[in-house]
Participant: 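Below is one structure. I have some questions about it.
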Amino acid sequence: MNIPLIDLKKEYELYGKNIEKAVAEVLQSGSYILGDKVAQFESEIANYLGVKYAAGVANGTDALLLALEALGIGEGDEVITSPFTFFATAEVIAKVGAKPVFVDIEPETYNIDVNKIEEAITNKTKAIIVVHLFGMAAEMDAIMEIASKHRLKVIEDACQAIGTEYKGKRVGGIGDIGCFSFFPTKNLGAFGDGGLIVTNHLEIYEKIYRLRNHGSKEKYIHTSIGMNSRLDEIQAAILLEKLKLLDMFIFKRIVVANKYSQELHHVKRKPPQFTERQHTYHQYCIEVDDRDRLAGFLKQKGIATGIYYPVPLHLQKAFQYLQYKEGDFPVSENASKRILALPINPTITVAEQEYIIKSMKEFAGVLP
Ligand SMILES: *Cc1c(COP(=O)(O)O)cnc(C)c1O
(Lines give C-alpha, C1' and ligand atoms only; values in the text may rest on other atoms or scores of the structure.)
Protein backbone atom coordinates (compact mmCIF):
# COMPACT_ATOMS: atom_id res chain seq x y z
CA MET A 1 0.00 0.00 0.00
CA ASN A 2 1.03 3.55 -0.66
CA ILE A 3 -1.40 6.04 0.85
CA PRO A 4 -0.59 9.75 0.51
CA LEU A 5 -2.26 12.42 2.66
CA ILE A 6 -4.07 13.70 -0.40
CA ASP A 7 -4.04 12.47 -4.00
CA LEU A 8 -4.82 15.33 -6.38
CA LYS A 9 -4.06 13.25 -9.45
CA LYS A 10 -6.58 10.59 -8.43
CA GLU A 11 -9.13 13.31 -7.65
CA TYR A 12 -8.57 14.79 -11.09
CA GLU A 13 -9.75 11.56 -12.70
CA LEU A 14 -13.18 12.20 -11.14
CA TYR A 15 -13.81 15.57 -12.74
CA GLY A 16 -10.98 16.11 -15.24
CA LYS A 17 -13.18 16.07 -18.34
CA ASN A 18 -15.36 18.94 -17.08
CA ILE A 19 -12.34 20.97 -15.99
CA GLU A 20 -10.69 20.56 -19.37
CA LYS A 21 -13.84 21.73 -21.11
CA ALA A 22 -14.15 24.76 -18.82
CA VAL A 23 -10.49 25.71 -19.29
CA ALA A 24 -10.71 25.33 -23.06
CA GLU A 25 -13.69 27.71 -23.08
CA VAL A 26 -11.64 30.35 -21.27
CA LEU A 27 -8.65 29.83 -23.58
CA GLN A 28 -10.89 30.34 -26.59
CA SER A 29 -12.68 33.36 -25.10
CA GLY A 30 -9.73 35.77 -25.29
CA SER A 31 -10.67 37.15 -21.84
CA TYR A 32 -8.22 36.08 -19.11
CA ILE A 33 -8.31 38.64 -16.30
CA LEU A 34 -11.42 39.87 -14.42
CA GLY A 35 -13.87 38.60 -17.00
CA ASP A 36 -17.19 36.76 -16.89
CA LYS A 37 -15.92 33.63 -15.12
CA VAL A 38 -14.56 35.55 -12.14
CA ALA A 39 -17.80 37.53 -11.87
CA GLN A 40 -19.88 34.35 -12.12
CA PHE A 41 -17.74 32.55 -9.55
CA GLU A 42 -17.94 35.50 -7.16
CA SER A 43 -21.70 35.48 -7.42
CA GLU A 44 -22.08 31.71 -6.98
CA ILE A 45 -19.67 31.46 -4.07
CA ALA A 46 -21.31 34.44 -2.32
CA ASN A 47 -24.59 32.58 -2.65
CA TYR A 48 -23.04 29.33 -1.36
CA LEU A 49 -21.49 31.08 1.63
CA GLY A 50 -24.57 33.16 2.36
CA VAL A 51 -22.78 36.53 2.08
CA LYS A 52 -23.59 39.68 0.16
CA TYR A 53 -20.23 40.32 -1.49
CA ALA A 54 -17.28 38.23 -2.67
CA ALA A 55 -14.07 39.34 -4.40
CA GLY A 56 -11.63 36.89 -5.96
CA VAL A 57 -7.97 37.58 -5.22
CA ALA A 58 -4.63 35.96 -6.04
CA ASN A 59 -4.29 33.72 -2.94
CA GLY A 60 -5.37 33.31 0.68
CA THR A 61 -2.45 35.29 2.05
CA ASP A 62 -3.41 38.30 -0.08
CA ALA A 63 -7.02 37.88 1.05
CA LEU A 64 -5.87 38.35 4.68
CA LEU A 65 -3.51 41.19 3.74
CA LEU A 66 -6.19 43.08 1.81
CA ALA A 67 -8.66 42.49 4.64
CA LEU A 68 -6.33 44.26 7.09
CA GLU A 69 -5.69 47.07 4.60
CA ALA A 70 -9.38 47.54 3.93
CA LEU A 71 -9.94 47.96 7.67
CA GLY A 72 -7.14 50.54 7.80
CA ILE A 73 -4.94 48.46 10.11
CA GLY A 74 -1.22 49.25 10.11
CA GLU A 75 1.62 50.89 12.04
CA GLY A 76 0.97 51.17 15.78
CA ASP A 77 -1.98 48.76 15.79
CA GLU A 78 -2.22 45.37 17.44
CA VAL A 79 -4.07 42.37 16.04
CA ILE A 80 -4.92 39.31 18.13
CA THR A 81 -4.62 35.85 16.63
CA SER A 82 -3.67 32.25 17.36
CA PRO A 83 -0.06 31.02 17.50
CA PHE A 84 -1.24 27.63 16.25
CA THR A 85 -2.00 28.21 12.57
CA PHE A 86 -0.28 28.48 9.22
CA PHE A 87 2.37 31.22 9.20
CA ALA A 88 0.45 33.47 6.78
CA THR A 89 -2.24 34.31 9.36
CA ALA A 90 0.24 36.27 11.49
CA GLU A 91 2.66 37.14 8.69
CA VAL A 92 0.17 39.56 7.13
CA ILE A 93 -0.29 41.40 10.44
CA ALA A 94 3.43 42.13 10.53
CA LYS A 95 3.43 42.85 6.80
CA VAL A 96 1.02 45.79 7.19
CA GLY A 97 3.22 47.14 10.01
CA ALA A 98 0.98 46.08 12.90
CA LYS A 99 1.92 43.84 15.83
CA PRO A 100 0.70 40.24 16.07
CA VAL A 101 -0.50 39.48 19.61
CA PHE A 102 -0.94 35.77 20.25
CA VAL A 103 -3.58 34.12 22.43
CA ASP A 104 -3.36 30.41 23.27
CA ILE A 105 -5.78 27.82 21.90
CA GLU A 106 -8.44 25.45 23.21
CA PRO A 107 -6.77 22.05 23.75
CA GLU A 108 -9.43 20.03 21.93
CA THR A 109 -10.27 22.16 18.88
CA TYR A 110 -6.95 23.99 18.35
CA ASN A 111 -8.92 27.21 17.85
CA ILE A 112 -8.33 30.43 19.80
CA ASP A 113 -9.37 30.17 23.44
CA VAL A 114 -12.10 32.78 23.86
CA ASN A 115 -11.52 32.89 27.62
CA LYS A 116 -8.02 34.25 27.08
CA ILE A 117 -8.76 36.95 24.50
CA GLU A 118 -9.78 39.80 26.80
CA GLU A 119 -6.55 39.78 28.83
CA ALA A 120 -4.62 40.37 25.58
CA ILE A 121 -6.64 43.44 24.54
CA THR A 122 -4.93 46.83 24.92
CA ASN A 123 -5.88 50.30 23.73
CA LYS A 124 -3.93 49.53 20.53
CA THR A 125 -5.91 46.40 19.65
CA LYS A 126 -7.86 46.89 16.44
CA ALA A 127 -8.89 43.43 15.30
CA ILE A 128 -8.97 39.69 15.90
CA ILE A 129 -8.07 37.24 13.16
CA VAL A 130 -9.98 34.07 14.02
CA VAL A 131 -8.77 30.87 12.37
CA HIS A 132 -11.17 27.96 11.80
CA LEU A 133 -8.32 25.49 12.01
CA PHE A 134 -8.43 22.16 10.18
CA GLY A 135 -12.03 22.93 9.16
CA MET A 136 -13.55 23.27 12.62
CA ALA A 137 -15.57 26.39 13.40
CA ALA A 138 -14.19 28.63 16.14
CA GLU A 139 -16.48 29.83 18.95
CA MET A 140 -17.86 32.75 16.91
CA ASP A 141 -20.65 33.99 19.20
CA ALA A 142 -18.26 34.61 22.08
CA ILE A 143 -15.70 36.18 19.76
CA MET A 144 -18.25 38.55 18.19
CA GLU A 145 -19.43 39.53 21.66
CA ILE A 146 -15.90 40.38 22.85
CA ALA A 147 -15.26 42.26 19.60
CA SER A 148 -18.39 44.33 19.90
CA LYS A 149 -17.70 45.12 23.58
CA HIS A 150 -14.19 46.38 22.74
CA ARG A 151 -15.02 47.79 19.29
CA LEU A 152 -12.72 45.40 17.45
CA LYS A 153 -13.04 44.16 13.88
CA VAL A 154 -13.19 40.43 13.24
CA ILE A 155 -11.46 38.81 10.27
CA GLU A 156 -12.16 35.13 9.76
CA ASP A 157 -9.28 33.09 8.35
CA ALA A 158 -11.49 30.40 6.81
CA CYS A 159 -8.78 29.14 4.45
CA GLN A 160 -9.17 25.60 5.81
CA ALA A 161 -12.90 25.76 6.44
CA ILE A 162 -14.88 26.50 3.30
CA GLY A 163 -18.44 25.21 3.78
CA THR A 164 -18.10 24.72 7.56
CA GLU A 165 -21.22 25.77 9.45
CA TYR A 166 -21.45 27.52 12.79
CA LYS A 167 -24.99 27.57 14.19
CA GLY A 168 -26.37 27.07 10.69
CA LYS A 169 -24.31 29.84 9.07
CA ARG A 170 -21.28 29.20 6.89
CA VAL A 171 -18.05 30.53 8.37
CA GLY A 172 -16.42 33.51 6.67
CA GLY A 173 -19.69 35.43 6.64
CA ILE A 174 -20.01 35.85 10.41
CA GLY A 175 -17.25 38.37 11.15
CA ASP A 176 -16.59 41.65 9.31
CA ILE A 177 -14.50 39.96 6.62
CA GLY A 178 -13.90 36.31 5.68
CA CYS A 179 -10.81 35.05 3.84
CA PHE A 180 -10.43 31.86 1.82
CA SER A 181 -7.62 30.11 -0.03
CA PHE A 182 -7.93 27.95 -3.13
CA PHE A 183 -4.42 26.50 -2.81
CA PRO A 184 -4.67 23.10 -4.58
CA THR A 185 -4.78 21.01 -1.39
CA LYS A 186 -7.49 23.07 0.33
CA ASN A 187 -11.03 21.64 0.47
CA LEU A 188 -11.92 23.75 -2.57
CA GLY A 189 -8.67 23.84 -4.53
CA ALA A 190 -7.73 25.55 -7.77
CA PHE A 191 -5.06 24.34 -10.18
CA GLY A 192 -2.63 26.98 -8.98
CA ASP A 193 -3.08 29.83 -6.51
CA GLY A 194 -6.35 31.58 -5.77
CA GLY A 195 -8.14 33.31 -2.92
CA LEU A 196 -11.35 35.03 -1.91
CA ILE A 197 -12.56 37.80 0.38
CA VAL A 198 -16.17 37.95 1.52
CA THR A 199 -18.10 40.54 3.49
CA ASN A 200 -21.61 41.77 4.13
CA HIS A 201 -20.51 45.43 4.25
CA LEU A 202 -20.72 47.35 0.98
CA GLU A 203 -18.13 49.91 2.11
CA ILE A 204 -15.54 47.20 2.86
CA TYR A 205 -16.33 45.39 -0.39
CA GLU A 206 -15.80 48.53 -2.45
CA LYS A 207 -12.43 49.11 -0.82
CA ILE A 208 -11.32 45.53 -1.47
CA TYR A 209 -12.67 45.61 -5.01
CA ARG A 210 -10.34 48.53 -5.73
CA LEU A 211 -7.37 47.44 -3.60
CA ARG A 212 -6.98 44.16 -5.49
CA ASN A 213 -6.72 46.07 -8.78
CA HIS A 214 -4.34 49.01 -8.21
CA GLY A 215 -6.87 51.11 -6.29
CA SER A 216 -8.92 51.40 -9.44
CA LYS A 217 -12.56 50.79 -10.30
CA GLU A 218 -12.58 52.72 -13.53
CA LYS A 219 -9.72 51.94 -15.92
CA TYR A 220 -6.67 54.23 -15.41
CA ILE A 221 -8.41 56.16 -12.65
CA HIS A 222 -6.75 55.34 -9.29
CA THR A 223 -8.37 56.46 -6.05
CA SER A 224 -6.05 54.63 -3.62
CA ILE A 225 -2.76 52.70 -3.46
CA GLY A 226 -3.62 49.09 -4.13
CA MET A 227 -1.84 46.16 -5.70
CA ASN A 228 -2.27 43.47 -8.32
CA SER A 229 -4.00 40.58 -6.60
CA ARG A 230 -6.64 39.06 -8.83
CA LEU A 231 -8.15 35.64 -9.29
CA ASP A 232 -7.69 34.76 -12.95
CA GLU A 233 -10.33 33.53 -15.37
CA ILE A 234 -8.91 30.03 -15.77
CA GLN A 235 -8.89 29.39 -12.02
CA ALA A 236 -12.39 30.87 -11.69
CA ALA A 237 -13.70 28.55 -14.43
CA ILE A 238 -12.10 25.57 -12.66
CA LEU A 239 -13.51 26.63 -9.29
CA LEU A 240 -17.01 26.97 -10.76
CA GLU A 241 -16.81 23.31 -11.79
CA LYS A 242 -15.34 22.16 -8.49
CA LEU A 243 -17.85 24.14 -6.42
CA LYS A 244 -20.52 21.75 -7.74
CA LEU A 245 -18.69 18.90 -5.99
CA LEU A 246 -17.76 20.68 -2.77
CA ASP A 247 -20.64 19.49 -0.57
CA MET A 248 -20.22 15.91 -1.77
CA PHE A 249 -16.48 16.04 -1.04
CA ILE A 250 -17.09 17.53 2.41
CA PHE A 251 -19.60 14.76 3.11
CA LYS A 252 -17.00 12.16 2.10
CA ARG A 253 -14.48 13.72 4.49
CA ILE A 254 -17.02 13.61 7.33
CA VAL A 255 -17.74 9.92 6.64
CA VAL A 256 -14.02 9.10 6.72
CA ALA A 257 -13.52 11.16 9.90
CA ASN A 258 -16.44 9.49 11.67
CA LYS A 259 -14.98 6.08 10.88
CA TYR A 260 -11.59 7.06 12.32
CA SER A 261 -13.28 8.45 15.43
CA GLN A 262 -15.35 5.30 15.91
CA GLU A 263 -12.60 2.78 15.30
CA LEU A 264 -9.56 4.34 16.94
CA HIS A 265 -10.75 3.49 20.47
CA HIS A 266 -7.25 3.54 21.88
CA VAL A 267 -6.53 7.12 20.75
CA LYS A 268 -7.70 9.47 23.47
CA ARG A 269 -7.38 12.83 21.73
CA LYS A 270 -9.43 12.94 18.56
CA PRO A 271 -11.41 15.81 16.98
CA PRO A 272 -14.39 16.61 19.23
CA GLN A 273 -17.89 16.72 17.78
CA PHE A 274 -20.21 19.59 18.60
CA THR A 275 -23.69 20.06 17.20
CA GLU A 276 -23.31 23.78 16.50
CA ARG A 277 -19.64 23.97 15.55
CA GLN A 278 -19.18 21.89 12.45
CA HIS A 279 -15.93 20.25 11.39
CA THR A 280 -15.30 19.68 7.67
CA TYR A 281 -11.97 17.91 8.26
CA HIS A 282 -9.51 19.70 6.05
CA GLN A 283 -7.24 17.71 8.35
CA TYR A 284 -8.06 14.87 10.71
CA CYS A 285 -5.62 15.32 13.58
CA ILE A 286 -5.06 13.13 16.60
CA GLU A 287 -2.68 13.52 19.54
CA VAL A 288 -0.44 10.77 20.86
CA ASP A 289 2.52 10.57 23.30
CA ASP A 290 4.91 8.89 20.89
CA ARG A 291 3.97 10.87 17.80
CA ASP A 292 7.29 10.61 15.95
CA ARG A 293 7.55 6.84 16.47
CA LEU A 294 3.98 6.36 15.24
CA ALA A 295 4.65 8.53 12.16
CA GLY A 296 7.78 6.47 11.42
CA PHE A 297 5.89 3.20 11.84
CA LEU A 298 3.09 4.32 9.50
CA LYS A 299 5.62 5.55 6.96
CA GLN A 300 7.16 2.07 6.88
CA LYS A 301 3.69 0.74 6.17
CA GLY A 302 3.35 3.13 3.22
CA ILE A 303 1.03 5.54 5.04
CA ALA A 304 1.78 9.25 4.88
CA THR A 305 1.05 11.51 7.86
CA GLY A 306 1.53 15.24 8.44
CA ILE A 307 2.44 17.52 11.32
CA TYR A 308 0.43 20.75 11.45
CA TYR A 309 2.18 22.59 12.99
CA PRO A 310 5.57 21.49 14.33
CA VAL A 311 6.59 24.97 15.58
CA PRO A 312 3.99 27.39 16.99
CA LEU A 313 4.28 30.89 15.57
CA HIS A 314 5.52 32.61 18.75
CA LEU A 315 8.63 30.38 18.60
CA GLN A 316 9.34 31.04 14.90
CA LYS A 317 12.55 32.88 14.13
CA ALA A 318 10.65 35.42 12.03
CA PHE A 319 8.72 36.50 15.15
CA GLN A 320 11.70 36.55 17.52
CA TYR A 321 11.42 40.35 17.67
CA LEU A 322 8.07 39.98 19.45
CA GLN A 323 10.05 38.51 22.38
CA TYR A 324 7.81 35.61 23.20
CA LYS A 325 9.46 32.62 24.84
CA GLU A 326 8.92 28.92 25.33
CA GLY A 327 6.18 28.37 27.92
CA ASP A 328 4.15 31.42 26.89
CA PHE A 329 1.48 29.34 25.12
CA PRO A 330 1.66 25.87 26.68
CA VAL A 331 -1.43 24.47 24.95
CA SER A 332 -0.06 25.30 21.50
CA GLU A 333 3.41 24.06 22.40
CA ASN A 334 2.04 20.80 23.72
CA ALA A 335 -0.10 20.27 20.63
CA SER A 336 2.84 20.91 18.31
CA LYS A 337 4.74 18.06 19.99
CA ARG A 338 1.89 15.54 19.95
CA ILE A 339 -0.30 16.25 16.94
CA LEU A 340 -0.47 14.02 13.87
CA ALA A 341 -2.67 14.30 10.76
CA LEU A 342 -3.96 11.07 9.22
CA PRO A 343 -4.84 10.71 5.53
CA ILE A 344 -8.26 12.18 4.77
CA ASN A 345 -9.48 13.22 1.34
CA PRO A 346 -12.38 12.59 -1.05
CA THR A 347 -10.70 9.71 -2.88
CA ILE A 348 -9.52 7.50 -0.03
CA THR A 349 -11.02 4.00 -0.31
CA VAL A 350 -12.60 1.90 2.43
CA ALA A 351 -9.79 -0.65 2.05
CA GLU A 352 -7.14 2.05 2.43
CA GLN A 353 -8.75 3.47 5.53
CA GLU A 354 -9.16 0.02 7.08
CA TYR A 355 -5.47 -0.64 6.44
CA ILE A 356 -4.59 2.65 8.18
CA ILE A 357 -6.79 1.80 11.17
CA LYS A 358 -5.33 -1.72 11.39
CA SER A 359 -1.79 -0.32 11.25
CA MET A 360 -2.59 2.19 14.00
CA LYS A 361 -3.89 -0.64 16.19
CA GLU A 362 -0.90 -2.80 15.41
CA PHE A 363 1.40 -0.01 16.58
CA ALA A 364 -0.56 0.43 19.81
CA GLY A 365 -0.70 -3.35 20.40
CA VAL A 366 -4.49 -3.37 20.58
CA LEU A 367 -5.27 -5.75 17.73
CA PRO A 368 -7.74 -8.46 18.76
C1 LIG B 1 -3.55 28.06 3.28
C2 LIG B 1 -3.71 29.01 4.38
C3 LIG B 1 -3.43 30.38 4.22
C4 LIG B 1 -2.79 30.97 3.02
O5 LIG B 1 -3.38 30.69 1.81
P6 LIG B 1 -2.51 30.75 0.45
O7 LIG B 1 -3.56 30.66 -0.61
O8 LIG B 1 -1.58 29.60 0.46
O9 LIG B 1 -1.81 32.06 0.43
C10 LIG B 1 -3.71 31.22 5.30
N11 LIG B 1 -4.20 30.75 6.46
C12 LIG B 1 -4.47 29.44 6.64
C13 LIG B 1 -5.03 28.99 7.95
C14 LIG B 1 -4.21 28.54 5.62
O15 LIG B 1 -4.45 27.23 5.82
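In listed order, ligands and their atoms are each counted from 1. When a residue number appears, it is its place in the shown sequence, counting from 1.
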Participant: Do the two ring centres, one from Y166 and one from F274, sit under 6.0 Å apart?
Facilitator: no
Participant: Considering residues, nucleotides and ligands other than Y209, do more than 12 of their heavy atoms fall under 6.0 Å from its OH?
Facilitator: no
Participant: Not counting sequence neighbours, which residues clear ring pair (Phe, Tyr, Trp, His ring centres under 6.0 Å) with Y309? List them please.
Facilitator: none
Participant: Between E69 and K207, is the closest basic N to carboxylate O distance under 4.0 Å?
Facilitator: no
Participant: Looking at H282 versus F134, is the centre-to-centre ring distance below 6.0 Å?
Facilitator: no
Participant: When you pair each N or O of ligand 1 with protein N or O atoms, which pairs come out under 3.5 Å?
Facilitator:
unit_1	atom_1	unit_2	atom_2	d
ligand 1	5 (O)	S181	OG	3.3
ligand 1	7 (O)	G60	N	2.7
ligand 1	7 (O)	S181	OG	2.6
ligand 1	9 (O)	G60	N	3.4
ligand 1	9 (O)	T61	N	2.9
ligand 1	9 (O)	T61	OG1	2.5
ligand 1	11 (N)	D157	OD1	3.4
ligand 1	11 (N)	D157	OD2	2.8
ligand 1	15 (O)	Q160	NE2	2.8
ligand 1	15 (O)	K186	NZ	3.0

Participant: Among K37, K52, R230, R212, which one satisfies salt bridge (charged side-chain N to carboxylate O under 4.0 Å, His left out) with E42?
Facilitator: R212
